[in-house]
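Below is one structure; the comments refer to it alone.
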Amino acid sequence: MSDAATPSVPSDFIRDIVAQDVAAGKYSTIVTRFPPEPNGYLHLGHARAICLNFGIAVENRGRCNLRFDDTNPAKEDAHYVEAITRDIRWLISGWAEAQLTFKPKGAAPAEQSVNGRPDRLMVPRPADAADAEPYAASDYFDVLYDYAVELIKRGKAYVCDLSPEETEQYRGTPTTVGRDSPWRSRSVEENLDLFTRMRAGEFADGTRSLRAKIDMTSPNIWLRDPLLYRIRHIAHHHTGGKWCIYPLYDYAHCLSDYLEGVTHSFCSLEFVVHRPLYDWVLTSLDLPRPRPHQYEFAKLIPTYTIMSKRNLLRLVQEKVVSGWDDPRMPTLAGLRRRGITAAALRRFVIGTGITTHDAGITDIAVFEHVVRDELNQAAPRRLGVLHPLKLVLTNLAPGEVIACEAVNNPQSEAPTTRTVNLTREVYIEQDDFAEVPPPKFHRLKPGGEVRLKYACIIALDEIVKDASGQITELRCTAQLDTRAGEPNSGKKVKGTIHWVSAAEAIEAEVRLYDRLFTVPEPGAEDDFLKVINPDSLTVVSAKLEPALATAKPGECFQFERMGYFTPDAGDSQPGMPVFNRTITLRDTWAK
RNA sequence: UGCCUGGUGGUGUAAUGGCAGCACAGGCGACUUUGACUCGCCUAGUCAUGGUUCGAAUCCAUGCCGGGCAGCCA
């Protein structure tokens, strides 16, 4: 089993870059960061970024900061901060907890001196410290403001009075150059005055902005005097009503990286065109410490899912799913509730590699294979009948109990066993009987024999039907001498099926999940809601062996021949457990 | 008809001038008290053309195809 603790160390262009920097002695400690915006839940796509950033930190004995990129209060919420923090802790548990780095509660960048020059730096704090909390870009608003003032003083930023619409017109298009704003050449004094008054709340939203003075004719649109600050008279989940101007991503992100001492800043390919701006801000300020560098890699897009937060939010809002943590969602919370292990998730995202070629789509079968492989190693086996059909062993007396030894996990090095009791009445799977069997049907059929797993071979004698022709029970003879240890135990039959004692079985609600979408690329449809799989959730009333009565959320079991199942953390009740099917077993016969 | 970026089996990747390898998917078979797992075998690839070189997936040129960029989102 690939254990958990250490996924095998991959090799890719990013690790090559870091290795070169380490070899060159460029940094004393490698510092990465994972910077989610708290406007939704983390999903499979984020998992790759998390594993990259924490992986680099683990491999280089460095650290990885969790920083909330919370510069747009209109979309963000503290609820997401908590959910994201929880999901990250879960995903890295048993692997990179030691690298997860927070800051002291309430801390802002501390003043320091580097080679006689003033500087600011965040103090790191291990995430498990009592007074630690995640980093947040909003903790840097004061410092970011000071840097903006510095940019103005250097003649590299100006207050612009163009409206959003005018700004767009002046910007030009990818194929035509932009025009200078009429406010571009204001004096430093005027800019300083106006920026101060922007902060003081004198101006309405959208009436003015702070812009970088770069080049309106640049072929790179992001260098055409991009906005640094916008006016937004709205409260922020972390800073409350303190601010009415908020910095934009391109300005805040690079400086946040710098303030935290980040050495390598990884983001997705769409930011390649922003990199010159990332570098421009940092070099324009003439900062005393070595600056961070941005590197880009391709996003992970699996088949049969959608990955954008906006679209996932729509599934939640339109109640296609029960919430962000619905087990059909590709969110970390949903995957966890479904029973996917963190180790499986890590193996999958690390296994798909880090590259610079995009537009690729990863077959979800790769994910399913990893999940099955992890669970096959780890999950104890249990007997559970999803669609019960009563079967009476007529040669057993009512009340008679035959103890059978069942292996808990044949994959473990020293397998343990438990006892399952065979009684006169048992349940078997409806699919394991066919009155008119298809070709190569190895299960129970008229005149046929089959083995009850861990027990004995049975022979079908009689099919009992009700007035409407529905099969109500099967009457069979148990060949008790075919049990393990008995003289006829070596007798071979084609099929072995699972079963539970009717007298001892517990009742449970079992939720059978399938893919949420019917097509491999739902995101490519004009409306992904039109390709929702109507059978993505089927709820059944199942009969389970009594050992499952004490199952706890977080535990995973293989119901033999049926798949992997885990108790639902939210909906299980004492006496009425709810199980979620994580994934079916591979089934080469059904195909 | 701008700038940036990229093309390796069906899919995701490795090979950094020297035997095109791995995984998934698919097919066949063995084993099996899970039609699971495991094991064995098979199928299938360097976008095209030219150039440099003893030797090119890799370097160069051209072409073709794809992705990204015109939020006061991140």
Side-chain angles (χ1 to χ4, degrees), chain A residues 10-13 16 35-37 39 69-72 74-76 160 162-164 167-168 171-178 205-206 208-211 218-224 226-232 246 248-250 252-253 267-276 296 298 300 302-303 309-310 351-370 372-373 376-377 381 383 406-407 410-411 440 442-443 451-457 482-484 489 491-498 520 558-563 584-591:
Chain A
S11 147
D12 51 62
F13 77 99
D16 290 347
E37 182 184 17
N39 67 345
D69 220 343
D70 52 355
T71 57
N72 183 4
K75 292 184 174 180
E76 298 157 6
C160 181
L162 254 25
S163 69
T167 304
E168 187 183 336
R171 182 158 38 227
T173 72
T175 52
T176 57
V177 298
D205 290 5
R208 287 184 221 265
S209 62
L210 184 74
R211 293 232 250 163
S218 170
N220 181 345
I221 285 172
W222 291 100
L223 259 18
R224 320 239 263 230
L227 269 75
L228 268 22
Y229 273 88
R230 79 285 228 182
I231 301 172
R232 278 290 113 90
Y246 292 96
L248 280 108
Y249 169 86
D250 286 297
H253 201 93
C267 59
S268 52
L269 246 20
E270 59 200 293
F271 290 99
V272 169
V273 287
H274 294 244
R275 195 196 320 141
E296 310 85 10
L300 171 66
T303 54
K309 273 194 212 170
R310 193 173 56 88
T352 52
I354 302 293
T355 66
T356 55
H357 25 101
D358 52 6
I361 184 152
T362 301
D363 193 338
I364 196 70
V366 179
F367 177 62
E368 295 171 343
H369 172 262
V370 170
R372 289 192 179 105
D373 191 54
N376 180 43
Q377 307 298 325
R381 313 286 127 123
L383 298 177
V407 177
Q411 303 291 325
K440 295 186 181 172
H442 293 170
R443 284 107 97 142
R451 179 177 284 277
L452 295 183
K453 178 111 188 182
Y454 303 125
C456 61
I457 291 171
T482 60
R483 287 181 293 156
S489 66
K491 178 175 175 181
K492 302 288 182 194
V493 284
K494 278 281 190 181
T496 299
I497 65 174
H498 60 282
Q558 184 196 104
F559 292 2
E560 295 210 39
R561 303 206 310 132
M562 291 284 95
T584 61
L585 252 32
R586 191 158 170 264
D587 186 354
T588 47
W589 183 66
K591 294 173 185 172

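Convention: sequence-line order gives letters A, B, ...; per-chain numbering from 1.
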Taking side-chain contact (heavy atoms from CB on, under 4.5 Å) as the test, write out the residues that go with A:S209, two or more places apart.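 Scan of A:S209 (side-chain contact (heavy atoms from CB on, under 4.5 Å), adjacent residues dropped) gives A:C160, A:R211, A:L227.
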Between [atom1] on residue [X] and [atom2] on residue [Y], distance to nearest 0.5 Å:
{"X": "A:R381", "Y": "A:K453", "atom1": "CZ", "atom2": "NZ", "answer": "9.0 Å"}
{"X": "A:I497", "Y": "A:H442", "atom1": "CD1", "atom2": "NE2", "answer": "14.0 Å"}
{"X": "A:E296", "Y": "A:F13", "atom1": "CD", "atom2": "CZ", "answer": "7.5 Å"}

Distance, [atom1] atom - from [M] to [N], rounded to whole angstrom:
{"N": "B:C31", "M": "B:A36", "atom1": "C1'", "value": "12 Å"}
{"N": "B:G9", "M": "B:A15", "atom1": "C1'", "value": "15 Å"}
{"N": "B:C65", "M": "B:U8", "atom1": "C1'", "value": "15 Å"}
{"N": "B:G71", "M": "B:U11", "atom1": "C1'", "value": "34 Å"}
{"N": "B:A48", "M": "B:C37", "atom1": "C1'", "value": "45 Å"}
{"N": "B:A20", "M": "B:U46", "atom1": "P", "value": "13 Å"}
{"N": "B:G45", "M": "B:G40", "atom1": "C1'", "value": "24 Å"}

Any donor-acceptor pair under 3.5 Å from [X] side chain to [Y] backbone:
{"X": "A:D12", "Y": "A:G353", "result": "no"}
{"X": "A:R483", "Y": "A:A455", "result": "no"}
{"X": "A:R208", "Y": "A:R230", "result": "no"}

Round to the nearest Å and state the distance from [X] atom [atom1] to [N] atom [atom2].
{"X": "A:Q411", "N": "B:A36", "atom1": "CD", "atom2": "C1'", "answer": "9 Å"}
{"X": "A:I457", "N": "B:U33", "atom1": "CD1", "atom2": "C1'", "answer": "9 Å"}
{"X": "A:K494", "N": "B:C31", "atom1": "NZ", "atom2": "P", "answer": "10 Å"}
{"X": "A:D250", "N": "B:A74", "atom1": "CG", "atom2": "C1'", "answer": "9 Å"}
{"X": "A:Q377", "N": "B:U34", "atom1": "CD", "atom2": "C1'", "answer": "15 Å"}
{"X": "A:R275", "N": "B:G68", "atom1": "CZ", "atom2": "C1'", "answer": "13 Å"}

Under 4.0 angstrom, heavy atoms only, what part of the nucleic acid is [X] near: base, sugar-phosphate, or nothing?
{"X": "A:R232", "result": "base"}
{"X": "A:L300", "result": "nothing"}
{"X": "A:E560", "result": "base"}
{"X": "A:H274", "result": "base"}
{"X": "A:R381", "result": "base"}
{"X": "A:R451", "result": "base"}
{"X": "A:A484", "result": "base"}
{"X": "A:P410", "result": "base"}
{"X": "A:F367", "result": "nothing"}
{"X": "A:T71", "result": "sugar-phosphate"}
{"X": "A:L227", "result": "base"}
{"X": "A:L248", "result": "sugar-phosphate"}
{"X": "A:K309", "result": "nothing"}

Whether the side chain of [X] and the base of [N] hold a donor-acceptor pair under 3.5 Å is what I'd like checked.
{"X": "A:R561", "N": "B:U34", "result": "no"}
{"X": "A:Q558", "N": "B:U34", "result": "yes"}
{"X": "A:R443", "N": "B:G35", "result": "yes"}

[N]: pairing nucleotide in any strand, Watson-Crick or G-U under 3.5 angstrom:
{"N": "B:A57", "value": "none"}
{"N": "B:C22", "value": "B:G12"}
{"N": "B:G17", "value": "none"}
{"N": "B:U34", "value": "none"}
{"N": "B:G6", "value": "B:C65"}

Among [options], find the nucleotide with the atom closest to the side chain of [X].
{"X": "A:E270", "options": "B:A25, B:G35, B:G68", "answer": "B:G68"}
{"X": "A:D358", "options": "B:G66, B:C37, B:C73", "answer": "B:G66"}
{"X": "A:A365", "options": "B:U33, B:C72, B:C24", "answer": "B:C24"}
{"X": "A:N72", "options": "B:U33, B:C73, B:U5", "answer": "B:C73"}
{"X": "A:H369", "options": "B:U33, B:C24, B:C73", "answer": "B:C24"}
{"X": "A:P164", "options": "B:C4, B:A36, B:C72", "answer": "B:C72"}
{"X": "A:H442", "options": "B:G35, B:G2, B:A70", "answer": "B:G35"}

With respect to the phosphate group of B:A36, does any side-chain polar atom (N or O) of A:T588 fall under 4.0 Å of OP1 or OP2? yes
Is A:R372 near enough to B:A36 that one of its side-chain N or O atoms lies under 4.0 angstrom from OP1 or OP2? no
Hey, what's the ring geometry for A:F271 with A:Y249, parallel, tilted or perpendicular (30° and 60° as the breaks)?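 Rings of A:F271 and A:Y249: tilted, 30 to 60°.
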Shortest non-hydrogen pair, A:P174 vs A:R224, comes out as N-NH2, 4.5 Å
Do you know the tightest heavy-atom contact between A:Y246 and A:T71? CB-O, 3.6 Å
All N/O pairs under 3.5 Å across the protein-nucleotides 12-18 of chain B interface:
from	atom 1	to	atom 2	distance (Å)
B:G12	OP1	A:I361	N	3.2
B:G12	O2'	A:T352	O	3.2
B:U13	OP1	A:T355	OG1	3.2
B:U13	O5'	A:T352	O	3.4
B:U16	O4	A:D16	OD2	2.3

Is B:G71 syn or is it anti, if syn means the base angle is within 90 degrees of 0?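 B:G71: syn glycosidic orientation.
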Stacking of A:Y249 on B:A74 base (centres under 5.5 Å, planes under 30°): no
NZ (A:K494) with more than 12 external heavy atoms under 6.0 Å: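 No.
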